[in-house]
2 protein chains.
Amino acid sequence: MKKRQKSRREECPVARSLEVVGDRWSLLIIRNAFDGIRRFGEFQKDLGLSKSVLASRLHALVSNGILRVEPSADGSAYQEYGLTEKGRGLFHVVVGLRQWGEAFLFSQNEEHSVMVDRSSQESVHTLELRSQHGKLLTPNDVVVKKVRVREGSRSKIPG
Amino acid sequence: MKKRQKSRREECPVARSLEVVGDRWSLLIIRNAFDGIRRFGEFQKDLGLSKSVLASRLHALVSNGILRVEPSADGSAYQEYGLTEKGRGLFHVVVGLRQWGEAFLFSQNEEHSVMVDRSSQESVHTLELRSQHGKLLTPNDVVVKKVRVREGSRSKIPG
DNA sequence: CCGTATCCATTCCGATACTG
DNA sequence: CAGTATCGGAATGGATACGG
């Protein structure tokens with residue numbers, strides 16, 4: 001986002017990451033991108049933020065190599081925004097935030113949850129973290145798998 | 001952090017999480033807490049932020065149940081800040097950010113990295129995610145383990 | 001429909017000074 | 001050392017209006 005003056009922030013990978021996606025909107029935009037959202041208007045409607053802010057965040061994410069501008073899939077003359085591999089690398093972070101939110105914030109006692117990467121048309125990357133209510137992760141709680149899905153199956157996932 | 005007016009943010013666990021730790025300092029403070037930092041001055045020195053901001057973040061984290069005020073271990077009359085279980089639940093998020101930063105931001109070609117939870121005196125919680133340079137995670141890349149360490153062994157970990 | 005430009009309110013942050 | 005109080009500047013975000 002903004003360049004921080006000095007301090008030891010630059011030496012810390014966590015700080016460097018936060019420097020890029022640590023604002024209040026970027027990770028939400030990325031989350032939507034994982035959910036298959038690709039158009040300006042879709043982002044805006046789903047997130048409910050102003051157009052100027054969205055445009056600025058989108059540009060920053062593109063300039064940081066997290067999103068990429070692509071020609072629209074359908075005929076429309078407008079471009080779309082898709083995750084790069086670098087952007088997909090944030091899958092864990094988003095999943096972690098989601099898990100934590102479900103486990104510790106107004107939880108409705110969900111058993112576990114699944115987050116699906118729908119940003120790629122061909123395969124779907126799934127990560128399950130079966131944690132809930134203050135339970136720390138154990139090896140048996142982690143499931144990572146890749147599954148192939150048929151075209152056009154894009155169900156809505158909650159959260 | 002701040003209460004967002006309406007939109008669908010509240011319905012999304014990711015958004016709820018970001019509402020609490022989505023500012024520029026909280027996750028850095030939490031990261032330090034995982035590294036065993038417990039005192040006001042230590043946080044301030046390591047992070048290089050102003051005292052007023054640190055105090056405000058610390059209070060917010062305590063009031064959100066992520067940190068907890070504890071009596072100082074040594075004799076000093078001052079209190080310390082320790083992670084709660086809820087706070088420890090953010091381990092993944094911090095690890096994910098760290099991994100991503102190492103893999104995609106000014107990477108020096110590190111093979112993989114290990115992040116260690118040193119916030120608890122008794123056991124150390126370790127999560128390895130062997131991802132690097134645009135490689136998405138596969139099941140074999142995830143290692144979660146708990147190891148016991150002897151007292152006082154608190155090595156400095158980079159980042 | 002997809003943005004950009006401008007304006008304004010709010011928030012955030014650092015510096016400083018002060019208390020115990 | 002561990003905070004609190006205050007202040008001013010910078011950054012952020014929303015609303016609106018405008019153009020491709």
Problem - Nucleic acid footprint by protein, nucleotides 4-9 of chain C - heavy-atom cut-off 4.0 Å, B for base, S for sugar-phosphate alone - result: BB----
Fill in the blank from the handout: Heavy-atom nearest pair, A:Gln79 first then A:Arg39, reads O-CD, 4.3 Å
Practice task
Using a heavy-atom cut-off of under 4.0 Å over every strand shown, decide if A:Tyr81 touches base, sugar-phosphate, or nothing.
Solution key: sugar-phosphate
Exercise for the section: Using Watson-Crick or G-U wobble pairs with both distances under 3.5 Å, give me DNA chain D in dot-bracket, 5' to 3', with [ ] for crossers and | for pairs to another strand. Expected result: ||||||||||||||||||.|
Exercise for the section: Can you measure from CD (B:Glu102) to OG (A:Ser17) and round to the nearest 0.5 angstrom? Expected result: 8.5 Å
Fill in the blank from the handout: Closest of D:dA2, C:dC13, D:dG14 to the B:Arg39 side chain is D:dA2
Exercise for the section: Starting from C1' on C:dT10, measure out to CG on B:Asp23 and report it in whole angstrom. Expected result: 16 Å
Fill in the blank from the handout: Between the CZ atom in A:Arg68 and the CD atom in A:Glu85, the distance rounded to the nearest 0.5 Å is 8.0 Å
Practice task
May I ask you to decide if B:Ile66's main-chain N or O and B:Asn64's side chain share a donor-acceptor pair within less than 3.5 Å?
Solution key: no
Practice task
Whole angstrom is fine here: how far is it from CD1 in A:Ile37 over to C1' in C:dC2?
Solution key: 16 Å
Handout entry: No-H, no-angle donor-acceptor pair, A:Tyr78 side chain to C:dC2 base, under 3.5 Å
Key = no
Practice task
Starting at atom CZ of A:Arg24, determine the distance to atom C1' of C:dT10, rounded to an integer number of angstrom.
Solution key: 11 Å
Problem - Stepwise side-chain contact (heavy atoms from CB on, under 4.5 Å) check, A:Glu42 with A:Leu47 - result: CA-CA 8 Å; A:Glu42 293 180 297; A:Leu47 261 18; over 6 Å; no
Problem - Value in whole Å for how far the C1' atom of D:dG3 lies from CZ of B:Phe43 - result: 15 Å
Practice task
May I ask you to say whether A:Arg38 pairs ionically with A:Glu70, meaning some side-chain N is under 4.0 Å from a carboxylate O?
Solution key: yes
Handout entry: Interatomic distance where CD belongs to B:Glu42 and P belongs to D:dA2 [whole Å]
Key = 8 Å
Practice task
Tell me whether the centres of the aromatic rings in B:Phe40 and B:Tyr78 are closer together than 6.0 Å.
Solution key: no
Practice task
May I ask you to say whether B:Asp23 pairs ionically with A:Arg24, meaning some side-chain N is under 4.0 Å from a carboxylate O?
Solution key: no
Exercise for the section: Starting from C1' on D:dA2, measure out to CD on B:Gln79 and report it in whole angstrom. Expected result: 8 Å
Completion exercise
Taken to the nearest whole Å, CZ/A:Arg38 to P/C:dG3 is 13 Å
Handout entry: Separation of C:dC2 P from A:Leu58 CG (nearest whole Å)
Key = 11 Å
Problem - B:Val21 backbone acceptor or donor facing B:Ser26 side chain under 3.5 Å - result: no
